[in-house]
Structure formats: C-alpha cells, structure tokens
Amino acid sequence: MATLKKLGRSFYRRKNVVEIARDLIGKILVTGFDEILTSARIVETEAYAGVIDRASHAHGGRRTKRTEIMYAKGGHAYIYLCYGVHHLFNIVTNGEDVPHAVLVRAAEPLEGIEQMMERAGRKSSNKTDISLTSGPGNLSRALGISTHHSGIDLLGEEIFIASDGLRVADSDIISTPRIGVEYAGEDAMLRYRFILRGNPYISAKKIFKI
DNA sequence: CGACCGATCGTCT
DNA sequence: GACGATCGGTCGA
C-alpha cells in the first residue's frame, strides 16, 4: 500500500463544505483503537451546510449538547445515534461557530477486513460482502466508530482521514440529492451527495438513476 | 425486485 | 412521549 498522508487542519477549515464533501471521495478513512487498525476508501459523502440547510442538525443555529461539536473548528468528528441503532460518522468542517459537516455514507474496505467482519458479526469464511461498509450505519460498525468517539480530533491517531495520492477525476464523481432528507423541503433537492462512479459499495443505488 | 415493517434508544419538545 | 441523515428481514408479485 502506498504511503498515507494524513489530511491537515487546512483541508477541513475550508469554507465550502460541498467542495470538501467532493474532495473526500477517494480519500482513506482510518481508525486505530483497541490495537486494531482498519481503513477504507471513501466512496460516498453528503454535505450539510449548517444554519441555512434545513436538512442539517444545526439548521437555524440550533445548538444542543449533542450538536455542540458541530460548532467547533473543522477537523473534528460528529457522531450521533440514528433510529436508536446506527452510529453515523460526520466530519465537522469550516471554522469555529460555523456548523458545517460532511456525512460519510460508504467506503471500500482496504486494511483490517477480517476485523471489520468480526465487528459486524460476519463469518470470516464468507466472501467480502458489499454491505460490510455500504451505508453510514454499516460503515461505522465495521470501523468500530460509535457515539463515544464524537468530538475527537481527526488530526489524532484514533480516527483520521488520509490520502494515498490517488487522484479521482471530476468525471468519476457524480452528484445526487441526499438520502432520507425529504423533510427538508427545497433543500432536499440540493445535489449535495457525491458518489464514486460505478463503485459497488455505494448505498441507496436507486438514486443513481436520477 | 419492490414495498413494507420492526428494531431500538438518545435526544429534544 | 415522539421521532429519526438506517438496516435487514419478510412478503407478495
């Protein structure tokens, strides 16, 4: 595997969260805790544009104990529990008091696949199953990410994003509306979701046809 | 294959 | 006390 270069603060502090969501396609999400290292290449993201975005937890400047970390400077993890079951991993972006975030929805496993399957309760004899890291809940489970990690700095060693130098052509990144945000009115139509063209790990493929 | 439904619980009203 | 930025199983066509 090529040398990994951890993304620095400047990547996350940029002001355009949609651009950051697009730039994250092809980057590598790494977790290293419990003496287990797992990594996966990000193939699907969604941008949440803060106070003006009706789909965002920070819409209208809403600020609660749970969402407080969204108001931190870029490069922190915001993880919350969805439907009481799924731990969804978000990357906080922009500067302090600007609650932008990118939801990572799917990735392609690279390192530690055995450990990922163990975390997901799969039999290691099974051939690699797409659903292992397809969809935000599955991805977090495979990488061992839970709400307990919410607030950690992505410049540390527990959870971080890195580049292995892979360049993804603009033409290989497709934008679509976000998944499961019908409640957001006009904002539900924004093409803030990005997927790596043709990658099998992408979730909610129905939307592909749009 | 598509539609539907139950699981499950922290968070916010 | 209601409700999710979901998932996986089941059921019917």
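Reckoned from all heavy atoms, side chains included, excluding hydrogens, waters and symmetry mates. Nothing here was measured: the structure is a model prediction, and the numbers come from that model. Sequence lines set the chain letters: A, B, ... in the order given, protein chains first and strands last, and positions in each chain run from 1.
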Once hydrogens and angles are ignored, does a donor-acceptor distance under 3.5 Å link the base of C/dA5 to the side chain of A/His57? yes
note: A/His59, atom NE2; B/dT11, atom C1'; distance rounded to Å ~ 19 Å
How about A/Thr38 and A/Thr31: does a side-chain donor come under 3.5 Å of a side-chain acceptor? yes
Testing B/dG10, C/dT6, B/dT11 for proximity to the side chain of A/Leu81, the answer is B/dG10
note: A/Ile130, atom CD1; C/dG8, atom P; distance rounded to Å ~ 13 Å
(request) Applying side chain to side chain contact (heavy atoms under 4.5 Å, CB included), run through A/Ser146 and A/Ile79 and close with a yes or a no. (result) CA-CA 7 Å; A/Ser146 79; A/Ile79 299 143; 5.8 Å; no
Handout entry: A/Gly95 backbone acceptor or donor facing A/Asp97 side chain under 3.5 Å
Key = no
*For A/Val181, answer base if it contacts any base atom (sugar-phosphate contacts may also be present), sugar-phosphate if it contacts only those atoms, and nothing otherwise; contact means non-hydrogen atoms under 4.0 Å.*
sugar-phosphate
* Looking at every strand, decide which applies to A/Leu103 at a 4.0 Å heavy-atom threshold: base, sugar-phosphate, or nothing. => base
Exactly one candidate in A/Leu24, A/Ile174, A/Thr45 meets side chain to side chain contact (heavy atoms under 4.5 Å, CB included) with A/Phe194; the answer is A/Thr45
Separation of B/dT11 atom P from A/Met70 atom CE, nearest Å, is 15 Å
Check the phosphate of C/dC3 against A/Tyr83, side-chain N and O only, distance under 4.0 Å to OP1 or OP2. Yes or no? no
Taken to the nearest whole Å, CZ/A/Arg66 to C1'/C/dG4 is 8 Å
To the nearest angstrom, the CG-P distance between A/Asp187 and C/dA5 comes to 14 Å
Base, sugar-phosphate alone, or nothing: which one does A/Asn138 contact when heavy atoms must sit under 4.0 Å apart?
sugar-phosphate
Go through A/Arg41 and A/Asp164 one step at a time and tell me if the salt bridge (Lys or Arg N to Asp or Glu O under 4.0 Å) criterion holds.
-> CA-CA 10 Å; A/Arg41 190 180 304 281; A/Asp164 65 348; 2.8 Å; yes
| task | May I ask you to evaluate whether A/Arg141 reaches the phosphate of C/dG8, defined as a side-chain N or O under 4.0 Å from OP1 or OP2? | result | yes
Margin query: Less than 6.0 angstrom separating the ring centers of A/His100 and A/Tyr48, yes or no?
Written below: no
To the nearest angstrom, the NE2-P distance between A/His87 and B/dG10 comes to 9 Å
To the nearest angstrom, the CZ-C1' distance between A/Arg54 and C/dA5 comes to 15 Å
Using the C1' atom in both, what is the distance from B/dG10 to C/dG8, to the nearest Å? 22 Å
Ranking C/dA5, B/dT13, C/dC7 by distance to the side chain of A/Arg62, first place goes to B/dT13
Here DNA chain C, pairs taken as Watson-Crick or G-U under 3.5 Å and shown with ( ), [ ] when crossing and | when to another strand, reads ||||.|||||||.
Item checked: Aromatic plane relationship, A/His149 with A/Phe33 - under 30° parallel, 30 to 60° tilted, over 60° perpendicular -> parallel
Note: A/Tyr78 and A/Ser150 closest approach over all heavy atoms is CA-OG, 3.7 Å
Winner on side-chain proximity to A/Cys82, out of B/dT13, C/dG4, C/dG8, is C/dG4
To the nearest angstrom, the CD1-P distance between A/Ile79 and C/dT6 comes to 16 Å
